[in-house]
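Data first, discussion second: the structure below is written as C-alpha cells.
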Number of protein chains: 2
Amino acid sequence: MCGMKAAGYAQVMSSEVTSKKAWEQVVDWVEQRVLSGELVVGSTLPAERDLALRVGVSRPAVREAVRTLQASGVLRSSVGAGGSGGTTVTGVPHQALTKLLRMHVALASFPATDVTQVRVVLERLSTSLATQRADSEQLAGMRAQVELMDDDGLSIEEFNGHDTQFHVAIAEAAGNRLATDLTVAIRESMRDPILEGLYALDDWKRVRGLLRTEHHAVLSAIEGRRADEAADLVEEHIRAAFARMSWLHDR
Amino acid sequence: MCGMKAAGYAQVMSSEVTSKKAWEQVVDWVEQRVLSGELVVGSTLPAERDLALRVGVSRPAVREAVRTLQASGVLRSSVGAGGSGGTTVTGVPHQALTKLLRMHVALASFPATDVTQVRVVLERLSTSLATQRADSEQLAGMRAQVELMDDDGLSIEEFNGHDTQFHVAIAEAAGNRLATDLTVAIRESMRDPILEGLYALDDWKRVRGLLRTEHHAVLSAIEGRRADEAADLVEEHIRAAFARMSWLHDR
DNA sequence: TCACCCTATTGGTATTACCATTCACGATGC
DNA sequence: GCATCGTGAATGGTAATACCAATAGGGTGA
C-alpha cells in the first residue's frame, strides 16, 4: 500500500501556529482513532516508519509517542515480522495504574490518609459485591490466603503478601474491573510504606494476632453472605491497620 | 564541567543478561531515586545528555524514558538554560489519570457500569466530606454552578459542563486529593458517552428538569450540613442519570 | 513431503547534527 | 556605580541515518 514516496519531513515549521510537539501529534493521531472506535483492542498500528510518514514526523517522535501510550497501558510493542510483531492496541490499565499511584504516593501527591480513605470506600464496595457474587471457588481462594496467614513461620513480607492477596481476591470476586484495578494499585502503592511500618512495630506478634482475627471475621461474614457486616468489618479492619502505624499518618 | 569527551556507548551488549530495554533502565534510574526520596517534587534531573552518559544509554533512550514518566505525571520538561529549563520532578497525576481512564473507557477495559459503580462510592465519600468541611466560598461555588444550570438557553454541552463543575466543586471541597482526581477523571472519561446519551434523548427538557431538581436537592443537603442525606441524594442522582441513558449500559 | 535456511519486516538503539528557547553573565552606556 | 542590553552557553525538541535483533513466512534443497 501507499505508492507515495514522501518527500521528507519539514524540520522547521516556520510560522506554524501548531505549538504541539511532534510526538504529541502522534499521540493525538492514535487517541483520536481509539476514541472513535477505529482502533480497538487487538488492532495493529502501522509500522513506526510508516506512521512517521503518515503523521509527518520523525521516527524518534513516533517512538516517544508510543512510550507515552504504552505507559498508559494502551499500546504494546514487540519486534519481529508478520502478525506477531508490531505495535498493537492492548487494554491493560492495571500495571499503568499501579505504577502511577506508587510514584505519586512516594511523591506525596496523594497523602496516605487520603489514599486510605479512598481505599476504605473501594473495599467496602468490593466486599459487599463479593459477598453477593463470589462462587465457591473464589471463596476457597480467599480462605486459602487467610489460613496461610495463620502460619507462625511466615516473614513479615510473606504475611503481608497473603494479606494483599486476600484483599485482591475479594476485589476480583466483586467483578468490578475498575474497583479491582484501583484496589490492587492502592495496595501495591502502599506496600513499601506498610512494610516499613510493620518492621517498626515493637509488638509485631500482637498486631499479627489482631490482623488474623480481623481477617477471619471478614471471611466469615463473606461466607455467611452478610454483605453489610462484611463491609463494616473491612472498613474497621483497614482503619485499625492504618491507625496502628501512627508514623504513617503525616506522609 | 565535562572535560571528558565520552568515548561512546556500547551499542551491542553481547551476552548481557540485562533483558531490560535501554529506556527502561532510565525509568528505573529515576523511579528508584523517587521512591528513595532522593528526588522530590521540584528536583531537577540531569540534562538529557548527561543522564544518557550516567546510565550508559543513548539520548533517544533517555527521551523515551522521560516520556514514560511524563505520561504518569511524574516529570515535566521545558527548554532553556539555567534554573528554569530542564526536566523536573512534578507531582501532577490529574492529567495522567484522566487520560488513562478516558482511553480505557473507550477501549471498554472499564465497562461503563463498573465505572459508574465506583463513581457512586467516590462521590458519596466526597459529598459526605464536603458537607462537613466546605467553607462558605466553596459552597458559593457549588451554588453558582447549580444556578447556572437553571438557564434555559444553555446548550447540552454547556449544561453538562456546569453539571461537571458542580460535582468537581464538591470533590474539591472534600479535600481528598485522590478522590478529587479520580472523580474528575471518571467524569471526564465519561464525558463523550454522556453527551451522546443526552443527544439521543427524545425528552431532553424533561430530563433537564429532573437534573435541576436533583442538583438543587443535593446542594440543599450540603448547605444544611446533612451529610448522610447529601450522600444518599448524590447516589440516587448518579444512578438515576445513568439509568436514563439505557443504551450506555452495555458498553 | 519435510526440514532448513534465508530474506524481508519490525521494533530497539546509537550517533550525529541542527533548531529553538531561556537564562546568566558580561559589556556597554548612562 | 548602576541599570540595560546583548550575546553565548546550556537545554530540550527534532530529524536523519545506520545498524542490530528478533520474528515470520516463503523458498530451497534433501
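Worth saying up front: this structure is predicted, and the values here are computed from it rather than measured. Any value given below was found using the heavy atoms of this structure, including those in side chains, with hydrogens, waters and symmetry copies removed. Each chain gets a letter, A, B and so on, in the order the sequences are listed, and its residues count up from 1.
Distance Glu24(A) CD to dG13(D) P: 10 Å, rounded to the nearest Å. For Glu48(B) and dT21(C), the CD to C1' distance is 14 Å, given to the nearest whole Å. In this structure, Trp23(B) places its CH2 atom 12 Å from C1' of dG11(C), rounding to the nearest Å. One interatomic measurement links the two molecules: CG of Asp50(B) to C1' of dA10(D), which rounds to 10 Å at whole-angstrom precision. A straight line from NZ of Lys21(B) to P of dA21(D) spans 14 Å, rounded to a whole angstrom. Residue Arg59(B) contributes atom CZ, which lies 14 Å from atom P of dC18(C) at whole-angstrom precision. Here the C1' atom of nucleotide dT14(D) and the CG atom of Leu51(A) are 16 Å apart, to the nearest Å.
A salt bridge does not link Lys20(A) with Glu24(A): every distance from a Lys NZ or Arg NE/NH1/NH2 to an Asp or Glu carboxylate oxygen is 4.0 Å or more.
For the segment residues 62-78 of chain B, the set of residues with a heavy atom within less than 4.0 Å of an atom of DNA chain C is empty.
Nearest-nucleotide positions on DNA chain C place Val79(A) closer to the 5' end than the other of Pro60(A) and Val79(A). Each of Gly86(B) and Gly80(A) has a nearest nucleotide on DNA chain D; the 5'-most of these lies closest to Gly86(B).
In this structure, of dG12(C), dG13(D), dA15(D), it is dA15(D) that holds the atom nearest to the side chain of Ala61(A). Nearest to the side-chain atoms of Ser84(A) among the listed nucleotides dA14(C), dT23(D), dG11(C) stands dT23(D). Among dC23(C), dC18(C), dA15(D), the nucleotide with an atom closest to any side-chain atom of Arg49(B) is dC18(C). The side chain of Ala81(B) approaches dA10(D) more closely than any other nucleotide in the set dA10(D), dT14(D), dT13(C). Side-chain atoms of Ala22(B) lie closest to dA14(C) of the nucleotides dT14(D), dA14(C), dG11(C).
For the pair Leu178(B) and Leu101(A), the minimum side-chain heavy-atom distance is below 4.5 Å. A heavy-atom distance below 4.5 Å is found between the side chains of Leu45(A) and Leu75(A).
Ser109(B) is linked by a side-chain hydrogen bond (donor to acceptor under 3.5 Å, both in side chains) to His104(B), counting only residues two or more places apart in sequence or in another chain. For Arg33(B), the salt bridge (charged side-chain N to carboxylate O under 4.0 Å, His left out) partners two or more places apart in sequence, or in a different chain, are Glu38(B).
Each of Leu69(B), Thr87(B), Thr90(B), Val66(B) was checked for a side-chain contact (heavy atoms from CB on, under 4.5 Å) with Arg76(B), and the lone residue meeting it is Thr90(B).
Contact between the side-chain N/O atoms of Thr87(B) and the OP1/OP2 oxygens of dT11(D) is not found at any separation under 4.0 Å.
The local environment of CD in Gln95(A) is sparse, with at most 12 non-hydrogen atoms from other residues, nucleotides or ligands closer than 6.0 Å.
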